[in-house]
Amino acid sequence: MVKTLSKRSRRDFVGQILGVSGSALLARLAFPFSVANAPHTDSNSAPHSRPLSPEGDQFLNEMEKANFQYFWEQGSLKTGIVKDRCNVNIEDTGTVGSIAATGFGLTALCIGDRRGFVSRAAAQDRVLVTLRSLWGKLPNHRGFFYHWGNINTGERVWDSEVSSVDTTILLCGVLCCREYFKAAEIRALADDIFNRVEWTWLSEDTSLLPHGWTPEIGFLPYRWDNYSELMMMYLLGLGSTSYPLRDETWTAWKRLKFEYAGLRYIGSFAPLFVHQYSQAWFDFRGKRDKYADYFQNSVTATDVHRRFCLELAKRFPSYSDDLWGITASDSTNGYVIWGGPPSVGPIDGTVVPSASAGSLPFLPQPVMRVLRTIKSRYPRAWTKYGFVNAFNPLKNWYDSDVIGIDIGITMVMAENLRTGFVWNTFMKSAEAQLGMRRAGFKKY
């Protein structure tokens, strides 16, 4: 039986890896490729469409429909807060919710309505339950929410932190609902929730935003100082009109440059999800700031990760062009932060379906090949909510759990590949447009 996290999250572990700029840990990490002075990825061509076959589209529709059921069934009828994880082999009565999973869940309601997985009335009702709870019930500090809460009451659990990035993921879902449903109360609540967030409190004495805050110790010691999913947080802060971040916050964080097998890109010493999360909502296609084309950068980073897994096949023969993808996930030894290159964590041949699925818009054909392989060749990896969080073919181990944020990135990126729906909806928001404009993004 897989060990699960109690009071520790993906963010806690990644904080240890990324948290302190210039730490001895980062300085001593050894890896088989050049980092220093490698040029960043640069593309002067706009992204092109890659149409799916009817069979491929049907496959993704089936997957999205299963993913949607997670958010529909594991979201509280009382608050709309979505459970962090769920054991699919039992009647899971856990009550720990995640605001990040709730952000994906709000986005899933938009997709579910558009795809006919749920009626418009039911979807809007669930959105309203959630937004009313966020505005009037869930405890917050200066507009930022606690990472973990009881799904039925909203009360803080595990002495969790007020989380800057998890609040950001939640806000992306809030804005997506505002732009899609357009109902007066949804728009008003979404505006109130977003405008209450005091980004200037986070950046009062720093251009590098802290990971979070607790009433017991104050600000956490880690800063968002290296390329990662931080982009969406800085962009939303720049897009605020009530408490806007200063322009220099966008240029303050580091963009480390990597090279692997001749491929150059901006990256981090972190799992693959850092290249995916901001781009679930923000549409970077055909745009760049003065540093990079981040969409093309994620294309390159995903291909590098695929090649890295193929290289690992010498040690773990289950990895192949048909089966690759490692990101933070469950394992036979509990929750692990792993990925690469460079190799992070005790990689043991585990496959994480959301690692490849989260990159569907970046490498459509290679990722579709992996997802089809998992579904057809490893049926125990498929559940009523889609793929399990992780499995290890070499150990014949299959996770019993699915995790909300991994189900979420899978569903959102599948829809973005099919139609660009989430990108097109979210980017209608004035906040997203202003944030990207202030960060210096231009089309080309």
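These values consider heavy atoms only, across backbone and side chains, with no hydrogens, waters or symmetry-generated copies. Quick note: residue numbers are just sequence positions, from 1.
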Nearest non-hydrogen partners of Asp321 and Val370, listed with the distance: O-CG2, 4.0 Å
Distance in Å, Met368 CE paired with Phe59 CZ, rounded so as to fall on 0.5 Å steps: 5.5 Å
Side-chain heavy-atom pair Leu272, Val352 within 4.5 angstrom cut-off: no
Atom CD of Glu248: over 12 foreign heavy atoms under 6.0 Å: yes
Side chain Ser76, main chain Ile81, donor-acceptor under 3.5 Å: no
Trp201/His141 aromatic ring centres below 6.0 Å: yes
Under the salt bridge (Lys or Arg N to Asp or Glu O under 4.0 Å) test, residues paired with Arg142 that sit two or more places apart: Glu198
Lys375, NZ atom: more than 12 neighbouring heavy atoms under 6.0 Å: yes
Aromatic ring pairing Phe362/Phe295, orientation class (parallel under 30°, perpendicular over 60°, tilted between): perpendicular
Lys443 atom NZ: more than 12 heavy-atom contacts under 6.0 Å: no
Set of residues satisfying ring pair (Phe, Tyr, Trp, His ring centres under 6.0 Å) with respect to Phe282, sequence neighbours excluded: Phe426
Residue list, ring pair (Phe, Tyr, Trp, His ring centres under 6.0 Å) with Trp324, at least two apart or on another chain: none
From Ile99 atom CD1 to Leu138 atom CG, the distance as rounded to the nearest 0.5 Å: 8.5 Å
Heavy-atom side-chain proximity of Pro210 to Leu220 below 4.5 angstrom: no
Nearest-0.5 Å distance, NZ of residue Lys254 to CG of residue Asp225: 6.5 Å
Pairwise side-chain contact, Met413 with Gln279, heavy-atom cut-off 4.5 Å (strictly under): yes
Heavy-atom closest contact (Cys177 atom, Val127 atom, distance): SG-CG2, 3.8 Å
Donor-acceptor pair, side chain of Asp293 and main chain of Arg288, under 3.5 angstrom: no
Close side-chain approach of Leu134 to Asn140, heavy-atom, < 4.5 Å: no
Trp423 ring center within less than 6.0 Å of Phe284 ring center: no
Contact summary for Ser163 and Phe144, nearest pair of heavy atoms: O-CD2, 4.2 Å
Exam field: side chain Trp148 to backbone Gly97, donor-acceptor pair closer than 3.5 Å: no
Candidate list Asp406, Asp92, Asp330, test salt bridge (charged side-chain N to carboxylate O under 4.0 Å, His left out), partner Arg85, passing option: Asp330
Stepwise side chain to side chain contact (heavy atoms under 4.5 Å, CB included) test for Leu189 and Arg132: CA-CA 7 Å; Leu189 285 167; Arg132 288 167 184 161; 3.8 Å; yes
Heavy-atom pair with the smallest gap, counting every atom of Leu131 and Ala190: CD1-N, 4.4 Å
Residue from Ile403, Thr383, Asp401 passing side chain to side chain contact (heavy atoms under 4.5 Å, CB included) with Val388: Thr383
Donor-acceptor pair, side chain of Tyr234 and main chain of Thr251, under 3.5 angstrom: no
Stepwise side chain to side chain donor-acceptor pair (under 3.5 Å) test for Ser331 and Trp338: CA-CA 10 Å; Ser331 74; Trp338 47 18; over 6 Å; no
Thr107 side chain reached by Phe71 side chain, heavy atoms, under 4.5 Å: no
Atom pair CZ (Arg306) and OG (Ser359), whose distance is rounded to the nearest 0.5 Å: 12.0 Å
Neighbour count >12 (heavy atoms, 6.0 Å) for atom CD, Gln433: yes
Side chain proximity check, Pro271 to Ile337, heavy atoms < 4.5 angstrom: yes
Heavy-atom side-chain contact between Arg264 and Thr300 under 4.5 Å: no
Spacing of CD1 belonging to Ile374 relative to CZ belonging to Arg369, to within rounding of 0.5 Å: 13.0 Å
Val165/Trp224 under side chain to side chain contact (heavy atoms under 4.5 Å, CB included): CA gap, chis, key distance, verdict: CA-CA 9 Å; Val165 73; Trp224 289 102; 3.5 Å; yes
Sidechain-backbone polar pair: Ser228 side chain, Val274 backbone, donor-acceptor under 3.5 Å: no
Closest non-hydrogen atom pair between Asn195 and Ser242, with its separation: O-OG, 2.8 Å
Test salt bridge (charged side-chain N to carboxylate O under 4.0 Å, His left out) applied to Asp303 and Arg307, step by step: CA-CA 6 Å; Asp303 193 39; Arg307 294 172 184 233; 3.1 Å; yes
Mutual orientation of the aromatic rings belonging to Phe441 and Tyr294 [parallel < 30°, tilted 30-60°, perpendicular > 60°]: tilted
Any donor-acceptor pair under 3.5 Å from Asp166 side chain to Ala100 backbone: no
Nearest heavy atoms of Gly105 and Val82, plus distance in Å: CA-CG2, 4.4 Å
Check: Thr249/Trp199 side-chain N/O donor and acceptor closer than 3.5 Å: no
Any donor-acceptor N/O pair, His275 side chain to Gly267 backbone, under 3.5 Å: no
Main-chain N/O of Ala355 paired with Gln276 side-chain donor or acceptor, under 3.5 Å: yes
Centroid separation Trp250 to Tyr291 less than 6.0 Å: no
Flag, side chain of Ser160 to backbone of Arg156, donor-acceptor distance under 3.5 Å: no
Main-chain N/O of Arg178 paired to Arg187 side chain as donor or acceptor, under 3.5 Å: yes
Distance (rounded to the nearest 0.5 Å) between Tyr385 OH and Trp72 CH2: 13.0 Å
Audit row: Leu208, Trp253, side chain to side chain contact (heavy atoms under 4.5 Å, CB included) steps and yes/no: CA-CA 7 Å; Leu208 294 169; Trp253 47 277; 4.1 Å; yes
Side chains of Arg126 and Leu77 in contact at under 4.5 Å (non-hydrogen atoms): yes
Chi angles and distances behind the side chain to side chain contact (heavy atoms under 4.5 Å, CB included) call for Thr153, Thr79: CA-CA 7 Å; Thr153 66; Thr79 65; 6.0 Å; no
